[in-house]
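Report on one structure; see the data block that follows.
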Amino acid sequence: VQAVFRSNLSHLLELMGSGKESLIFMKKRTKRLTAQWALAAQRLAQKLGSVWRDQKQILVHIGFLTEESGDVFSPRVLKGGPLGEMVQWADILATLYVLGHGLRITVSLKELQSNLGVPPGRGNCPLTMPLPFDLIYTDYHGLQQMKQHMGLSFKKYRCRIRVIDTFGTEPAYNHEEYATLHGYRTNWGYWNLNPKQFMTMFPHTPDNSFMGFVSEELNETEKQLIRGGKASNMAVVYGKEASIWKLQGKDKFLGVLNKYMEIHGTVYYESQRPPEVPAFVKNHGLLPQPEFQQLLRKAKLFIGFGFPYEGPAPLEAIANGCVFLQARFSPPHSSLNHEFFRGKPTSRELFSQHPYAENFIGKPHVWTVDYNNSEEFEAAIKAIMRTQVDPYLPYEYSCEGMLERIHAYIQHQDFCAAPGPVPPGARAPQSPFVLAPNATHLEWAQNASSAPGAWPPAHSLRAWLATAGRACTDACLDHGLICEPSFFPFLNSRDAFQKLQVPCDSTESEMNHLYPAFAQPGRECFLQKEPLLFSCAGSSTKYHRLCPCRDFRKGQVALCQDCL
Ligand code: UDP
């Protein structure tokens with residue numbers, strides 16, 4: 001069946017059910033964004049033209065909202081708890097619905113079981129039964145519940161599951177045996193899924209799929225109004241929970257800021273002013289989302305104190321014409337040195353509170369400075385007050401961008417297909433790539449046939465041998481490209497090393513998430529033995545990694561030029 005774009009969301013609102021505070025928050029958001037979604041659907045429909053889109057049957061099981069996993073969020077929604085997750089789930093539901101797919105939504109174990117067809121009273125059904133869904137979107141809590149209650153079906157159908165995973169899961173943590181042997185075991189990882197089945201809130205490592213969310217968009221009139229209505233001396237502090245005000249050293253930079261600007265906060269409080277918030281700050285309390293947007297429209301500056309990490313609010317601020325000012329982290333924060341990331345299945349290092357804002361947006365919208373350096377901080381404030389900045393929203397965080405990306409995933413990502421034959425390269429006499437004319441990297445040979453149906457199409461492959469200690473994520477960015485893990489199999493051969501003129505004295509095949517790679521001392525080349533361990537993330541000074549890169553669309557890093 002062909003999927004048809006939908007622009008009326010009232011049926012979706014019914015499907016979302018009612019009762020919980022979290023669902024009420026999500027429904028309000030969906031309702032408010034209806035016109036925006038409808039317009040985006042229209043535009044995307046035009047862009048895609050007559051492309052065939054399969055209609056899928058989709059189950060969305062929001063595990064963290066189930067009583068069985070403690071539903072710790074719902075009671076916190078009114079207190080400024082993590083609304084980011086709720087924002088994202090609301091937008092995922094809207095996306096799937098607007099794209100025209102068949103949708104079921106569950107927020108309790110009982111509903112999950114009845115939708116999966118698990119007979120009542122049979123907690124752990126040992127039989128495999130036909131699954132009435134092509135795709136299941138869930139989170140780590142939901143994944144655990146499915147594993148417990150689907151019996152053998154779980155193994156059979158887990159390739160249909162997509163896991164919404166804010167901060168991402170790197171391949172080294174996902175592979176059970178490897179994680180256990182090499183100290184990458186955490187409370188979350190080791191599911192042996194294809195790492196692309198994990199979907200993140202921001203484009204972290206391309207080993208995972210970038211899901212994202214949307215920000216409210218402004219029309220021209222609103223943009224005009226903002227230009228006229230900004231108070232150049234008004235700052236809003238990022239963070240709804242009083243705890244962020246406990247930050248050490250904040251008095252110094254707050255004192256500087258207070259010299260120049262009127263400081264506003266949206267910190268949740270019960271009856272009294274939170275004691276952590278200084279008296280000179282105008283605290284509005286936690287605001288309903290639309291009122292928060294209004295506040296951002298008037299403000300010039302949105303300032304981060306270092307926590308929370310990587311939420312939606314800075315993108316909303318920038319979309320409403322604010323400058324986002326944030327602290328540079330030195331040394332970087334990671335699961336090694338920060339409580340928040342401890343036990344999360346990633347080794348990623350954050351060099352600032354919001355790396356996406358720093359690296360993908362940057363100046364004039366985003367300033368990342370050393371807060372301990374009062375001069376640098378003060379100079380930034382002065383410069384920001386002088387600059388005129390227009391509202392900006394990266395395409396990938398617009399409704400159209402999110403619809404486009406998820407459309408592409410749904411039509412092209414298939415983790416159930418039996419693994420194909422060993423990719424050409426290892427033994428094939430005709431390898432599919434050649435050394436580029438400037439002899440620095442490999443590219444797909446013009447006369448080589450691309451593997452049919454492969455997505456992203458293999459002809460966008462460019463491969464480099466990275467310098468020692470460089471991760472493939474960074475090595476590709478150095479060339480203005482993005483790492484593409486699905487291309488690793490093409491490179492995992494002696495032939496690739498040979499074509500790149502790497503002097504391998506010996507070639508070994510082992511399990512290591514940094515392979516394929518070359519080790520200078522000993523002139524050894526290493527191939528990857530376990531396809532699940534192909535990883536863009538990760539580095540060691542011991543290795544020059546062999547890195548597969550591809551191009552990407554401007555403002556839509558998840559998709560290559562020919563990926564639509
Ligand atoms: N937000 C809100 N009221 C406020 C402050 C923020 O509704 O007073 C919303 C904001 O619009 C954003 C969401 O809370 O979409 C999540 O914000 P944040 O970036 O702080 O992420 P979190 O830490 O909650 O995941």
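Given the structure is predicted, the values throughout are model-derived calculations rather than measurements. When a residue number appears, it is its place in the shown sequence, counting from 1. No hydrogens, no waters, no symmetry mates; every other heavy atom, side chains included, goes into these values.
- Disulfide status for Cys536 with Cys483: present, SG atoms under 2.5 Å apart.
- In this structure, Phe305 has its ring center no closer than 6.0 Å to that of Tyr238.
- The shortest non-hydrogen separation linking Ala319 to Leu218 is O-CD1, 3.1 Å.
- Taken from CG in Leu9 to OG in Ser7, the straight-line distance is 7.5 Å, to the nearest 0.5 Å.
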Item to complete: For side chain to side chain donor-acceptor pair (under 3.5 Å), just list the numbers for Ser209 and Gln413, CA-CA rounded to whole Å, side-chain angles, deciding distance to a tenth of an Å, and then say yes or no.
Response: CA-CA 10 Å; Ser209 300; Gln413 286 186 330; 3.0 Å; yes

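- Interatomic distance, Leu325 CG to Lys300 NZ, rounded to the nearest 0.5 Å: 12.5 Å.
- The ring of Phe253 has its center closer than 6.0 angstrom to the ring center of Phe377.
- A donor-acceptor contact closer than 3.5 angstrom is absent between the side chains of Asp54 and Gln2.
- Taking 4.5 Å as the limit, every side-chain heavy atom of Met402 sits out of range of all side-chain heavy atoms of Glu396.
- With Phe210 as reference, Tyr397 is the one residue of Phe360, Tyr409, Tyr397 to meet the ring-ring contact (aromatic ring centres under 6.0 Å, His included) rule.
- Separation of atoms CZ (Phe167) and CG (Leu350) is listed at 8.0 Å; rounding is to 0.5 Å.
- Judged purely by atom type and a 3.5 angstrom limit, Lys282 has no side-chain atom pairing as donor or acceptor with the backbone of Ile263.
- One finds the CD atom of Gln197 at 11.0 Å from the CD1 atom of Ile136 (value rounded to the nearest 0.5 Å).
- Shown here for Ser69 and Gly63, the closest heavy-atom pair between the two residues is OG-O, 3.0 Å.
- Side-chain atoms of Lys344 come within 3.5 Å of backbone atoms of Phe340 as a donor-acceptor pair (strictly under, hydrogens ignored).
- Every ring-ring contact (aromatic ring centres under 6.0 Å, His included) that Tyr392 has, sequence neighbours left out, goes to His365.
- The two atoms that bring Thr200 and Gly168 nearest to each other are CG2-CA, 3.5 Å, heavy atoms only.
- Side-chain N/O atoms of Gln326 and Glu358 include no donor and acceptor closer than 3.5 Å.
- Taking the charged nitrogens against the carboxylate oxygens, Arg348 and Glu310 do have a contact shorter than 4.0 Å, which makes a salt bridge.
- For the pair Phe487 and Arg550, the tightest heavy-atom approach, listed with the atom from each and the gap, is CE1-CB, 4.0 Å.
- Under the 4.0 Å criterion applied to side-chain N and carboxylate O atoms, Arg76 and Glu241 are assigned as salt-bridge partners.
- For the pair Asp207 and Lys196, the salt-bridge criterion is not met [side-chain N within less than 4.0 Å of a carboxylate O].
- Side chain of Lys250 to main chain of Trp245: a donor-acceptor pair is present (N/O by atom type, distance under 3.5 Å, no hydrogens or angles).
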N/O donor-acceptor pairs under 3.5 Å from side chains in residues 77-88, not counting sequence neighbours:
from  : atom 1 : to     : atom 2 : distance (Å)
Gln88 : NE2    : Gly212 : O      : 3.2

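- Between the side chain of Ser398 and the backbone N or O of Pro394 there is no donor-acceptor pair closer than 3.5 Å.
- Applying the side chain to side chain contact (heavy atoms under 4.5 Å, CB included) test between Cys399 and each of Glu217, Arg43, Glu216 identifies Glu217 as the sole match.
- Judged purely by distance below 3.5 Å, without hydrogens or angles, the side chains of Thr30 and Tyr97 never pair a donor atom with an acceptor atom.
- Ion pair Arg328/Glu376 flagged as a salt bridge, since at least one NZ, NE, NH1 or NH2 atom sits closer than 4.0 Å to an Asp/Glu carboxylate oxygen.
- Within the 3.5 Å criterion, the main-chain N or O of Thr95 finds no donor-acceptor partner in the side chain of Asp91.
- Using a 3.5 Å distance cut-off with no hydrogens or angles, the side chains of Thr106 and His61 do pair a donor with an acceptor.
- Of the charged side-chain nitrogens involved, at least one lies within less than 4.0 Å of a carboxylate oxygen, so that Arg297 and Glu222 count as a salt-bridged pair.
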Distance-only donor-acceptor hits, side chain of residues 14-22, under 3.5 Å, sequence neighbours excluded:
from  : atom 1 : to    : atom 2 : distance (Å)
Lys20 : NZ     : Leu65 : O      : 2.9
Lys20 : NZ     : Glu67 : OE2    : 3.0
Lys20 : NZ     : Asp71 : OD2    : 3.1
Ser22 : OG     : Ser74 : OG     : 2.6

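- Note: Phe64 and Trp89 have tilted aromatic rings, judged against thresholds of 30 and 60 degrees for the angle between ring planes.
- Distance check for Cys476 and Cys549: the SG atoms are under the 2.5 Å cut-off.
- Of all heavy-atom pairs spanning Arg162 and Leu135, the tightest one is NH2-CD2, 3.4 Å.
- Side-chain atoms of Asp551 come within 3.5 Å of backbone atoms of Gln561 as a donor-acceptor pair (strictly under, hydrogens ignored).
- In this structure, Phe202 has its ring center closer than 6.0 angstrom to the ring center of His354.
- Heavy atoms only, all atoms of each residue included: Gly304 and Phe324 are closest at N-CE1, 3.9 Å.
- Under the 3.5 Å distance criterion, the side-chain polar atoms of Glu262 are left unmatched by any main-chain donor or acceptor of Ala235.
- Between atom CG of residue Asn208 and atom NE2 of residue His204 there is a gap of 8.5 Å, rounded to the nearest 0.5 Å.
- A donor-acceptor contact shorter than 3.5 Å links the side chain of Asn359 to the backbone of Pro355.
- Between the side chain of Arg342 and the main chain of Asn337, no donor-acceptor pair closer than 3.5 Å is present.
- Remark: the Glu170 side chain and the Thr205 side chain contain no N/O donor-acceptor pair separated by less than 3.5 Å.
- Asp474 contributes no side-chain N or O that, together with a main-chain N or O of Arg470, makes up a donor-acceptor pair within less than 3.5 Å.
- Arg32 and Gln289 share a side-chain donor-acceptor pair at under 3.5 Å.
- Atom-to-atom distance recorded for Asp251:CG and Asn258:CG is 11.0 Å, nearest 0.5 angstrom.
- Cation-pi check for Arg53 over Phe5 is met; the charged atom lies under 6.0 angstrom from the ring centroid and within 45 degrees of its normal.
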